[in-house]
2 protein chains.
Amino acid sequence: MSKQNLPVVDLNAAACCPPLAVRPMDAEQAVAVAPMFKALGDPVRLRLMSMIASAPEVCVCDLTDAFDLSGPTISHHLRVLREAGLVEGDRRATWVWYRARPEAMRQLSALLETAAAA
Amino acid sequence: MSKQNLPVVDLNAAACCPPLAVRPMDAEQAVAVAPMFKALGDPVRLRLMSMIASAPEVCVCDLTDAFDLSGPTISHHLRVLREAGLVEGDRRATWVWYRARPEAMRQLSALLETAAAA
DNA sequence: ACTCTGATTCGAAATCTGTCTAGACAATAG
DNA sequence: CTATTGTCTAGACAGATTTCGAATCAGAGT
């Protein structure tokens, strides 16, 4: 399961850059970063992301049980998160385990930082 | 232009809550927050958001000029950002001016915070 | 080798999105 | 009052997304 671990989003291209509020983001970076936000823009994926990020790693079987959705649907959402570079997963024996990629989360968090508290 | 200023997303319902990585987000909060991430999940909207957030306020005319898109398309994207609660706009004389809502940005930033630097 | 379980991929249906053109609305200037 | 300019709404359409069931793949164990 090597292909599964390669995020489609290039974190190096996207990781950098000042917060959104510092100066207008250029088109190239926007294209690089938008898929990450898009991946989090679905309630199911947001919960999946949170479940995965809240533990060192999580088995797909546990994720599937937590939703009233078919296995293939969960698998699809995990793929979106994976291709956005937000999580990674690997098979160990019978099960596939997913982990969050904290660098990606930190990057998005930094992008949204604002001047100071209101 | 009163209706235009009411975000559809209830920031009070969404604002709260520990970071994604602290504990699994419940379904209700996920439904409340996902539209904000979704709104940022398009390259055009991400750039619009950044342009708006980088200045105290911005005229729609300047935003339209910065893209190779029709006026109505920009207007559509601004509406999505507005309904997500990320920006607000009001008409003054001939022009409509938009401002970022820093509380919303701060909320999303906080949700994505992780334990510590890698 | 066969089978069982866990997970992904495939193919299809219903719905949603991004974009456009055309038209409506708002405010200013003749 | 009408014309002009800036912005939004309405309607349309191609393409993407979400979801499913069926088929397939990967290992473990008989």
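Each chain gets a letter, A, B and so on, in the order the sequences are listed, and its residues count up from 1. As the structure is a prediction and not an experimental result, all values here were calculated from the model.
A:W97 has its CH2 atom 17 Å from the C1' atom of D:dA26, to the nearest Å. Put simply, CG on B:D90 is 18 Å from P on D:dG6, counting in whole angstrom units. Atom CD in A:E83 sits roughly 14 Å away from atom P in D:dA16 (whole-Å rounding). Distance, B:D65 CG to D:dT5 P: 15 Å, rounded to whole Å. Rounded to whole angstrom, the span from the CG atom of B:L63 across to the P atom of D:dT7 amounts to 9 Å. Straight-line distance from the CG atom of A:L78 to the P atom of D:dT18: 13 Å, rounded to whole Å.
The CG atom of A:L81 lies 12.5 Å from the CZ atom of A:R101; values are rounded to the nearest 0.5 Å.
Contact check, A:K38 against D:dA16: no side-chain N or O comes under 4.0 Å of OP1 or OP2. Regarding contacts with the backbone of C:dG6, every side-chain N or O of A:Y98 stays at 4.0 angstrom or more from both OP1 and OP2. Residue A:R79 has a polar side-chain atom (N or O) positioned under 4.0 Å from OP1 or OP2 of C:dT9.
Contacts between residues 42-49 of chain B and DNA chain C, defined by a heavy-atom separation below 4.0 Å, involve B:D42, B:R45, listed by number.
Evaluation of the side-chain hydrogen bond (donor to acceptor under 3.5 Å, both in side chains) rule for A:E57 yields A:R92, A:R99 as partners, not counting sequence neighbours. Shown here are the side-chain hydrogen bond (donor to acceptor under 3.5 Å, both in side chains) partners of B:R45, two or more places apart in sequence or in another chain: B:H77. Scanning for side-chain contact (heavy atoms from CB on, under 4.5 Å) contacts around A:A21 gives B:A53, B:M105, with sequence neighbours left out. Qualifying side-chain hydrogen bond (donor to acceptor under 3.5 Å, both in side chains) partners for A:S54, counting only residues two or more places apart in sequence or in other chains: none.
Listed by first and then second residue, the disulfide bond (SG atoms under 2.5 Å apart) pairs involving residues 63-108 of chain B amount to none (not counting sequence neighbours). Sorted by first and then second residue, the pairs that involve residues 60-89 of chain B and meet disulfide bond (SG atoms under 2.5 Å apart), not counting sequence neighbours, are B:C59-B:C61.
Of the candidates A:T73, A:I52, A:V96, A:L78 forms a side-chain contact (heavy atoms from CB on, under 4.5 Å) with just one, namely A:I52.
At the heavy-atom level, B:H76 lies under 4.0 Å from base atoms of the strands shown.
Taking Ile, Leu, Val, Met, Phe, Trp and Tyr as hydrophobic and joining them when side-chain heavy atoms fall under 4.5 Å apart, one finds A:W97 in a cluster with A:W95.
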How does each nucleotide of nucleotides 20-30 of chain C score, in 5' to 3' order, for protein heavy atoms under 4.0 Å: base (B), sugar-phosphate only (S), or none (-)? BBB----SS--
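Closest to the side chain of A:H77, from the set D:dT7, D:dT19, C:dG6, is D:dT19.
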